[in-house]
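From a predicted model like this one, the values you see are computed outputs, not experimental measurements. Convention: sequence-line order gives letters A, B, ...; per-chain numbering from 1.
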There are 2 protein chains.
Amino acid sequence: MATPSTAPEVMFSLLGAAHALEDRIEQQLGQVGLSMSKLGVLTQLVEAGEPLALSELAARLSCVRSNMTQLVDRLEADGLVRRVDDPADRRSVLAAVTRLGEERQVAGAHELAKVREEFTAALPVADRVALARALAALGKG
Amino acid sequence: MATPSTAPEVMFSLLGAAHALEDRIEQQLGQVGLSMSKLGVLTQLVEAGEPLALSELAARLSCVRSNMTQLVDRLEADGLVRRVDDPADRRSVLAAVTRLGEERQVAGAHELAKVREEFTAALPVADRVALARALAALGKG
DNA sequence: CCGTTATTGTTCATATATGAATAGTCCCGC
DNA sequence: GCGGGACTATTCATATATGAACAATAACGG
């Protein structure tokens with residue numbers, strides 16, 4: 001017989017594991033004065049290699065625009081990003097990463113890589129493959 | 001050769017899947033005027049069968065006490081919970097579930113069960129077992 | 001062209017969460 | 001007994017997130 005009683009438990013295990021992982025990432029990023037949200041914005045800007053509209057950032061990071069307004073407010077207060085007028089569209093406001101922002105992004109990515117290594121180390125290869133497959137199945141469903 | 005490039009991806013897949021699942025749960029609970037947090041408190045109170053101190057609730061739900069203060073504020077405003085003095089300890093404040101709160105807890109648990117069924121249906125048995133094993137490995141690490 | 005529609009960022013209200021600071025209360029060692 | 005340390009809930013500041021309402025601007029159809 002299978003283990004029917006594990007079904008509900010697994011869902012909560014998934015939520016719990018993700019929560020713990022998030023806490024771990026936030027803690028690690030906190031060491032360089034970043035959060036997952038802030039690093040996400042900086043990384044998008046660095047990868048794009050040019051200023052992006054707040055609207056575009058919100059779309060890429062899957063959040064609403066009002067959230068990006070506040071996030072960029074805080075990043076600007078931190079000196080990691082600058083608001084720039086969009087010459088092509090007067091409605092639009094672009095976020096440009098600063099020199100300090102670029103440096104911080106590198107530092108943040110490094111901290112994130114550490115957590116990724118921890119994660120990988122804690123998970124035997126067979127389990128990692130199985131986890132990937134299971135999550136893929138969930139994503140399709 | 002293994003698939004080294006999947007390692008980082010899996011970590012983010014896990015976060016993404018958990019995020020999507022949480023959104024789904026919140027959406028479903030929203031139909032009966034609840035959130036995960038609120039349902040968590042109500043369920044603890046119903047299962048305990050007696051009023052619990054806010055401190056105890058915070059411990060059981062793994063959050064800080066100031067969060068519980070606010071959560072119980074909102075639950076009280078919703079009429080789902082009542083603050084009661086603890087006769088045995090004047091520092092303590094107990095949360096007592098109301099009749100309406102009990103009814104709502106049942107409704108919320110029902111909505112949650114629906115999501116659990118969806119979850120189970122989206123995940124082939126083999127994947128569910130593999131997922132459980134992988135999450136267990138993560139928890140131990 | 002010009003009016004309708006869509007888009008953009010911001011503001012506000014709200015929900016959830018943390019952590020520091022505070023006031024009240026309890027309890028233990030002496 | 002009582003004084004100091006531990007525990008209680010609350011308040012405040014802050015971070016993150018959503019969604020509604022709004023003003024400015026763009027874009028498009030006729």
Task: Qualifying residues under side-chain hydrogen bond (donor to acceptor under 3.5 Å, both in side chains), relative to Ser35(A), sequence neighbours excluded - done: none
- [ ] Provide, to the nearest angstrom, the distance between the CG atom belonging to Leu94(B) and the P atom belonging to dA9(D).
- [x] 8 Å
Task: Residue-level proximity of residues 78-91 of chain B to DNA chain D when a heavy atom falls under 4.0 Å - done: Arg83(B), Arg91(B)
Open item on the list: So, does Ser55(B) get its side chain near the phosphate of dA9(D), meaning an N or O under 4.0 Å from OP1 or OP2?
Closed with: yes
Task: Salt bridge present between Arg91(A) and Asp86(A) (N-O < 4.0 angstrom) - done: no
Task: Under-4.0 Å salt bridge between Asp85(A) and Arg90(A) - done: no
TODO: Remember a base hit wins even if backbone is also touched, and classify Ser35(B) as base, sugar-phosphate or nothing at under 4.0 Å, heavy atoms.
DONE: sugar-phosphate
- [ ] Would you kindly give the CZ-to-C1' distance between Arg65(B) and dC7(D), to the nearest whole Å?
- [x] 7 Å
Open item on the list: Please report the interatomic distance CD(Glu118(A)) to CZ(Arg24(A)), rounded to the nearest 0.5 Å.
Closed with: 4.0 Å
- [ ] Using heavy atoms to find the nearest nucleotide of DNA chain D for Glu56(B) and Leu34(A) separately, return the residue whose nucleotide is more 5′.
- [x] Glu56(B)
Task: Pair Glu111(A) + Lys114(A), salt bridge at N-O below 4.0 Å - done: yes
Task: Distance in Å, Leu138(B) CG paired with Ser13(A) OG, rounded so as to fall on 0.5 Å steps - done: 10.5 Å
Task: Spacing of Glu76(B) atom CD relative to dA9(D) atom P, expressed in whole Å - done: 14 Å
Open item on the list: Please classify the nucleic acid contact of Thr69(A) as base, sugar-phosphate, or nothing, using heavy-atom distances under 4.0 Å.
Closed with: base
- [ ] Heavy atoms of chain B, cut-off under 4.0 Å: which first and last nucleotide of DNA chain C, 5' to 3', fall inside that, if you could look?
- [x] dA15(C) to dC26(C)
Open item on the list: Classify Val93(A) by what it touches in the nucleic acid, base, sugar-phosphate, or nothing, heavy-atom distance under 4.0 Å.
Closed with: sugar-phosphate
Task: Closest-nucleotide ordering on DNA chain D, the 5'-leading residue of Lys38(A) and Ser66(A) - done: Lys38(A)
Task: Spatial distance of atom CG (Asp73(A)) from atom CE (Met68(A)) [nearest 0.5 Å] - done: 11.5 Å
Open item on the list: Rounded at 0.5 Å granularity, tell me how far CG in Leu71(B) sits from CZ in Arg65(B).
Closed with: 15.0 Å
Task: Side chains of Arg74(B) and Gln70(B), donor plus acceptor under 3.5 Å - done: no
